[in-house]
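Read the structure below first, then the notes.
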Amino acid sequence: MTFSIRFKLASLLAVFGILISGLTGYYAYNSSRSMLLQAAERDLLTATQVLGRSLQASLAGASQDVRLLASLAPSRQLDAPSPASQEAEDGLAATFTSLLKIHPEYLQIRLIGRTEHGRERVRVERDGQQLLRVRGRQLQEKAHFPYVFEALSLQPSQVRLSPIVINHEHGTHSAQDKPSLIISGPTIGPASSAGHALIVLNIDLNRLFQQLKADLPAHYQVYLSNEAGDILIHPDASLTFGFDRGQRILLQSYFDSLASLLDGSRSSLVSTHHNPHAERELISAFVRLPLDDDAGKRQVILGLSQPAELITRDIGLLGWAIAKLVAILSLLSLLLSALAARALTRPLQEMMQAIQRFSKERSFSPLPLQRRDELGELARSFQAMQEEIVEHLNQLNQSRNALDHLAQHDPLTGLPNRRMFFERLQQAISSAKRTQQPLALLFIDLDYFKEINDRHGHARGDEVLKAVARLLRSATREVDTVARLGGDEFVILFNVLEESQDIQRIVCKLHERFQTSLRIDGQELNIRASIGVSCYPQDGDSAERLIQHADRAMYAAKRDGRNTFAFHADSAQGE
Amino acid sequence: MLPLPISGLLRRLLCLLPCCLASQPLLAEETLRILTWPGYADSDLVQEFAERYGVKVDVSLVSNDDNLREQLSRNQGGNYDVFAANTAEIQHYIEAQLVQPLQAGDIPNTRRQLWRFRNLQSIPGITQGAATYAIPYTYAEMGLIYDRQQFSSPPDSLASLWDPRYQGRVLAYDGSSHNYSITRLLLGGAPFQIADQDFAAVNAKLIELRRNVLTFYNLPEESVSLFRNHKIALLYANYGRQQLKLLQDAGADVGYVIPKEGALAWLDCWAISRGAKNPHLAQQWINFTLEPRISRELTRRQGLANTLEAPAQSSNQDQIVWLEPVEDAARRAHLWARIRSGDSLPALDTP
């Protein structure tokens, strides 16, 4: 039972311990997981914003280049075909070439005139590794392209950014069929002038992004779409420029959360999601980015993504570490619970053993009395109870002994009464039967006791009876039993007799004692007695018969004139 | 031949329709398998047909001509009973022996069609010898859309596209084949057959067109925004009346004409595949689509012209020129790419 309490207590404590460490572990894991994810998302968003700013800065730089070139192309000198204009064109071509050398992402720089249906005046472009100046018949009319007809109406120093499309202009060498963005701006000078022209710069989108993403971790993937969501850059190149093939392939159909970015309600967003098109879960960040510095009409959606598994792998490791910690803590709590349960139940167990010992043996065992807690109090209460019980038991024993004594003794003389005498007699008979030893029973009746009572009063009579009792006691051995049967009748059992003749001697001696007077309350009284004797085994082998025969012998003695003694054997012969 | 039968916008909308429809008639022993374009066999109408004839109808949709060819060539046309294709494609199927001849007389509702759709021999591509292989169902012509504010009287000729009075306010379509065809129409020759020696003249004319237009558009939506932002006076409506509707919906006060030189038009027809299991049921389907109510639904829902009624605001209706395969599509495409890029005649002559 103690084991059960200890087991229950230990289990309960262990369950609490494991529960607490488990919950702590779980919450630690959860919050760390979300922290890791948030950190990854934040990093990704920051990287996207940085990439976006780099893109804006690159395009702003390119726009500046266009403005610079526009200011270098004085319209007056380009007015009419002349040696001066030829020289100016050559100068511009040289500048275009230097600029193309510095910027590998620039594909083509042109000066396009307003006249002759937007005929190209100066055109330098990339052809593989080398730069090429296109001349003569190869120069084309471009007035029907939006980058021309829309830019012509711009104010000086304004520039126009084209939508990002695949360049299908024939004969443009490296620029042909490449995703490109065209920046165009008018030259400085009166718009009415025949020399009024445009600087047009073609930028290789892929080359530009190659440069921009050089600093990004390799597992980051870049996405770019136009304002409507048409994919321009995607890890899966087959999804880019769908509109160029008569399809619309939209970024928002791969990232549903993009809707809020496209409708302009947000400027950036981060999401972790599993889209049905991608095999893996992706963490992605997107920003809406205005590309031109003034009008803000040309915008793109720029995004970065990274596989979530890189983060979840870290999270997995973290979870594993936490799980191990939880397991260790659980084991520890199991151990501590067992120890705590043992420490708590040991005093209880000791007390219980003490109680068991007390109830079995009435013996006191050491108790944790000095403890100041509930257990100490319990021990003290138990101690008090033990003491009380012992005291009560003692009282009970005393009263029982007194009752026993009362039941077996004559209250006046303190001698055993008839009942006790009978018991002793029967015991003596049984033992004598075994040992073959003789017994003797004396029946003593005082002579003329009624007269003594009448003459001296009952009180004196009682004193007489007491004195006789003392006399009989003093005349017998310790092993013999003197009893008062009632009134003035006494009996003596002589338990162990060496031989039958001894009784003769003892009776004579006793008779002699009755011949001296007894001093009672300072008064000499002569008390005589008639004594009848029966012997075992001659005179009977039962208590009743022995008493009966002793009684008869006593009457025989009375008949003999009192103050004498008679043996049953003799008196029976006499009859 | 590369006409876009339905505008991109409409196509996208139609793609949202369920791709397959299976109706459950009382007696489902017979099945009609239809291969067609979005909008030609709407599920409610198919349901009606299925219930009326107590048959089961499977509709499969295609989104472009190549897809249609691929589907139909499988199992020698045995996978479908009836399909819809434009006249140029029908010609291909006749040559590939994937269609079977049919009798217009077995399809009573053909008698309700306008004369030019009943005169099957006059429609190139759908007959071979005396045999007829297809029944016209719907068409769209590519006319001119003009700004009523800028024209006192409607333009009636393709030549208006070249009119220097509208320089910088004209929109043309960025399509090689059609541009060569209309230029050739204007110059008065067979639009789909340009001989080697005739190309130079057409090229020169196209360069003139380039110098007169603001730009060339691709998508109908693009034409709408250009129209609104650049005060366009005239545009070549490659997407026909659907484009007109798009502009009108955008608030433009525009009119639509079919030029006197003629308008290119695609004509989609029903044809019965050679592997059809139930040609009679296929004929009943064709007959069903030519019921006035069903044909009008096509016009109402898709904005496409039906073959029973002449469209409103029609002039020069007889000048419709059904599209045919051109002599050399690749050559036209290559030349057009160079013209569009801004090459001039001397440059064009050099390879």
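We name chains A, B, ... by the order of the sequence lines, and we start the count at 1 in each one.
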*asked:* Tell me if the NZ atom of Lys178(A) is crowded by more than 12 foreign heavy atoms within 6.0 Å.
replied: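 Result for NZ/Lys178(A): enclosed.
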*Heavy-atom contact with chain B under 4.5 Å, split by part of Glu150(A)*: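 Contact with chain B: side chain only.
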*List the steps and the verdict of side chain to side chain donor-acceptor pair (under 3.5 Å) for Glu141(A) and Ser344(B).*
CA-CA 7 Å; Glu141(A) 295 173 11; Ser344(B) 303; 3.2 Å; yes
*Please name all residues satisfying side chain to side chain donor-acceptor pair (under 3.5 Å) with Tyr93(B), sequence neighbours left out, ordered by chain then number.*
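Side chain to side chain donor-acceptor pair (under 3.5 Å) check on Tyr93(B) returns nothing, list empty.
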_Out of Ile339(B), Asn212(B), Asp343(B), return the one with the most heavy atom pairs under 4.5 angstrom to chain A._
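Top option by heavy-atom pairs under 4.5 Å: Asp343(B).
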*Nearest-0.5 Å distance that lies between atom CZ in Phe145(A) and atom CZ in Arg210(B)*: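 Those atoms lie 8.5 Å apart.
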*Inter-residue atom distance Thr215(B).OG1 - His144(A).NE2, 0.5 Å rounding*: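 The NE2 atom of His144(A) is 6.5 Å from OG1 of Thr215(B), to the nearest 0.5 Å.
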_Is any side-chain heavy atom of Gln167(B) closer than 4.5 Å to one of His117(A)?_
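In contact.
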_Taking 4.5 Å as the heavy-atom cut-off, does anything in residues 164-174 of chain A contact chain B, and if so which residues?_
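Counting heavy atoms that sit under 4.5 Å from chain B, the residues of residues 164-174 of chain A involved are His168(A), Glu169(A), His170(A).
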